[in-house]
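In what follows, every chain begins at residue 1, and chains take the letters A, B, ... in the order their sequences are listed.
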Amino acid sequence: MELKLDGIGKRYGKHRALQNVSLIFHPGIYGLIGPNGAGKSTMMNIIAGILKQTEGKVLLDGQEAGKLGKRYRARLGYLPQAVGFYPNFTAVQFLRYMAQIQEMEGTAVIEQRISELLEMVNLSTHANQKIGGFSGGMKQRLGIAQALLHDPDIVIFDEPTAGLDPMERIRFRNLVTRIAVNKIVILATHIVSDVQNLADELLIMQKGSVICRGTIPECLEIVNGRIYSVHIPESELLTFCEQYRVTQIDAKGEDSVVRIVTDEPPKGAMLLESPNLEDLYLYFFGIQQQNGTSEEL
Amino acid sequence: MRKLIGYELKKILFHPWVPLLFVFLLIVIVWSDIQVYRFSPDYARAGKELYEQYGGTVTKEHYEAIQAIQQGEETVSFSYFWKSDMLTNIRSLVSFSSMRSGIAKTALENVVWYQQHEMEYEARLNQKIAEAYQPEIRVQLVSSEDWKTYFTDNQFTMAALLLITILVCTIFPSERESGCDQVLAASATGRKGLFWAKYSAAMLISVSVMFCSVCVNWFVKRMCLPLTHLEVSVQSISYFARCPYSLKIWQAVGIQWMLQCVLALVYGIMMVALSSFFSKNLSGILSGGSWYLIGFLWWAFPIYHSGLMGINLENRQVVLWIEKLRAFCFPVLSDPEGYLIKLQCLNVAGYPVSTLHCCLFVTGIIVVVGTVVAYKYYTEAG
């Protein structure tokens, strides 16, 4: 199975939300990270067929997704960023409805699948409770369940762990690892630790383009040798933080241990650290987030 | 598809706001009706007196007495703006009968014909009155037999249309607002499949409610004796032919057309306003299909409106209020003192021609535009 984005672009008037994105996905888990407005959701929506690209093609096994129509959508599971539900439906009713929408057949098969999924997302005890009474996390879990209901080949999760508590996030990660066999799973998130633990491959987006792609070690290589820990006295901390991209501050007595990402190491005592995804994220977007611009990157 | 329609029905019917708002609207309808009657002359008592006077059997003398009442200036509005079905006998003589005027003749044609054949017409009329004499027929709860009355001539119709509005107004826009539509759009069924499921569900609800409404109205009508033996439409035409306004009959018809078109649009706007109670996204409401579905059925309202306006006119405060509004919208019609006469002319001259055609015309536009917009709105990817 191969999902190919061939020169995808999306314009909203003069604004280019996505420009000339060409990617090939094979079965595996792909983590998509980037700041707000980078084009992650636009790309997800185009893959899901919700948005129509202004340029390029989405191809599944060499056939254009738009022409495949129902045959393409039947292989797709999608959890959008802000998913809504019917408050007067129970979780089971909603999943039954989604089974109809996904044109699943066989009542027994559907019921079995619903039961399995509710167990997987830890909603079995709330199966017959109305969705209107669900918390944000419960709704998110139900959204995950509906995306996996028809056992799709391509699963798209847009901010899947938003609103989930740490326990549920771990559960989600385990669930994705379990279901990802022979599937293309694309995860868009701000929570880089989710990607770090899950993704086989990383995609970093900025201003509608993919600026980095590779396995996590490959991507981390970019910032290898640029991560340092520095002991900074309390009195100098503020000034130091303004000068460097700081990923972490550990206050230890009068001194603080500050982890920074930088091309030029500061003078004085320092320790070279091994990089993680947060460092990588900050390397690309730290100044942008600080200054509201990415011109200096 | 069958199951999807079932789910759409479930989504609509189990909306928690539906029963509450429907009860509220029913209360408003009843309350407004009570208010109208409170400020109106006591027609129930007047009707009872009439009934006692003419009750039992219809004789030629009774009929002539009714005719005499019509000639009196004071009772013109009385006979014209009657609302209660119990007293529709009077109204039928004067107003509704114009819809049944002659065989395959419109009221307009009758006026022209009458002007040309006055003498012959009078003779024929007298003959008809003589034939209409049926001493054993009890005149009570008499009503018009026109098919339109089954759709319009009952408060239940108003409630039914409101119910439809409430039920279907969220069917298209709600999911787009909640974000659920993205999940549905990416499903195997897709946008087009969902559109038709929703559309079918809404149509099913609309037709079902209207069917109930028609059944209720039919049942009410069955309680009445038809006025088939008193075919006096020609008489009412002759009455209005003597009215100076009938000379400007084309003008009257034109105004009536315009008025009904505007009314149909006003009702559409009312529907949108009602929908907006449920939906935050105005574009969703306008293009979401509920506009079309309600528009499809609102054509009945301008017909019903004649009765409502008539009732309101009995209340002078309301008349003044309406007249102020009319003065703003239609200067040509702003004439509180002469309005009743004008309205009579409009009703007789324009009623059979304009109401149905106007409504069908406006509804046709709504149907075509609404369907295209709703389909594009719901099925096209962004």
Side-chain angles (χ1 to χ4, degrees), chain A residues 10 12 17 41-42 44-54 65-66 68-90 93-94 96-105 107 110 130-132 139 142-143 146-147 149-150 152 154-156 158, chain B residues 1-21 166-201 278-281 284 288 376-382:
Chain A
K10 177 71 181 173
Y12 294 103
S41 292
T42 304
M44 296 289 210
N45 282 334
I46 287 172
I47 296 172
I50 291 161
L51 281 178
K52 201 179 275 178
Q53 67 274 20
T54 39
L68 285 171
K70 186 184 283 191
R71 281 179 290 155
Y72 173 72
R73 293 195 305 270
R75 297 175 68 180
L76 194 77
Y78 181 47
L79 174 70
Q81 194 169 13
V83 62
F85 297 97
Y86 308 107
N88 52 327
F89 276 35
T90 65
Q93 283 170 340
F94 177 73
R96 280 181 193 146
Y97 172 59
M98 287 310 299
Q100 292 301 325
I101 290 283
Q102 296 292 4
E103 301 186 355
M104 289 173 74
E105 285 177 3
T107 311
I110 291 169
K130 293 212 169 178
I131 300 170
K139 284 180 184 170
L142 185 61
Q146 67 77 26
L149 184 64
H150 54 299
I154 304 160
V155 187
I156 300 170
D158 201 351
Chain B
M1 181 57 91
R2 186 174 53 81
K3 283 188 177 174
L4 280 183
I5 293 171
Y7 272 108
E8 292 301 332
L9 289 174
K10 183 176 164 56
K11 276 191 261 176
I12 298 167
L13 296 173
F14 285 80
H15 195 291
W17 273 99
V18 167
L20 287 175
L21 199 75
I166 295 164
L167 288 178
V168 303
C169 69
T170 57
I171 192 166
F172 286 99
S174 62
E175 280 146 352
R176 180 160 282 200
E177 284 168 16
S178 69
C180 195
D181 77 312
Q182 292 194 342
V183 171
L184 303 182
S187 66
T189 302
R191 291 174 192 267
K192 285 181 186 171
L194 276 165
F195 174 83
W196 290 116
K198 285 171 178 294
Y199 196 86
S200 306
F278 290 96
S279 176
K280 293 172 196 140
N281 184 346
K376 287 180 87 66
Y377 167 82
Y378 209 78
T379 56
E380 279 192 358

- Query: For the candidates B:Ala188, B:Gly193, B:Gly190, which exhibits the highest count of non-hydrogen atom pairs separated by less than 4.5 Å from chain A?
  - Reply: B:Ala188
- Item | Selection from A:Met104, A:Gln102, A:Gln81, A:Arg75 maximising heavy-atom pairs under 4.5 Å formed with chain B | A:Gln102
- Name all pairs fulfilling the salt bridge (charged side-chain N to carboxylate O under 4.0 Å, His left out) condition that reach into residues 77-90 of chain A, sequence neighbours left out, sorted by first residue then second. none
- Message: Working to the nearest 0.5 angstrom, can you tell me the gap between A:Gln100 CD and B:Ile5 CD1?
- Response: 12.0 Å
- Item | Closest approach of A:Ile101 to B:Ser187 (non-hydrogen atoms, all atoms of both residues) | CG2-OG, 2.8 Å
- Task: First locate atom NZ of A:Lys70, then atom NZ of B:Lys192, and finally report the distance between them rounded to the nearest 0.5 Å.
- Result: 11.5 Å
- Message: With a 4.5 angstrom heavy-atom cut-off, is it the side chain or the backbone of A:Gln93 that approaches chain B, or both, or neither?
- Response: both
- Message: So, taking the atom named CE in A:Met98 and the one named OG1 in B:Thr189, what distance separates them when rounded to the nearest 0.5 Å?
- Response: 8.5 Å
- What pair of heavy atoms forms the shortest contact from B:Ala186 to A:Ala48, and how long is it? CB-O, 3.8 Å
- Query: So do B:Leu184 and A:Tyr97 actually touch side chain to side chain, heavy atoms under 4.5 Å?
  - Reply: yes
- Taking salt bridge (charged side-chain N to carboxylate O under 4.0 Å, His left out) as the test, write out the residues that go with A:Arg96, two or more places apart. A:Glu111
- How long is the span from the CD atom in B:Gln182 to the CD1 atom in A:Ile156, to the nearest 0.5 Å? 11.0 Å
- Using non-hydrogen atoms only, which part of A:Phe89 is less than 4.5 Å away from chain B: side chain, backbone, both, or neither? side chain
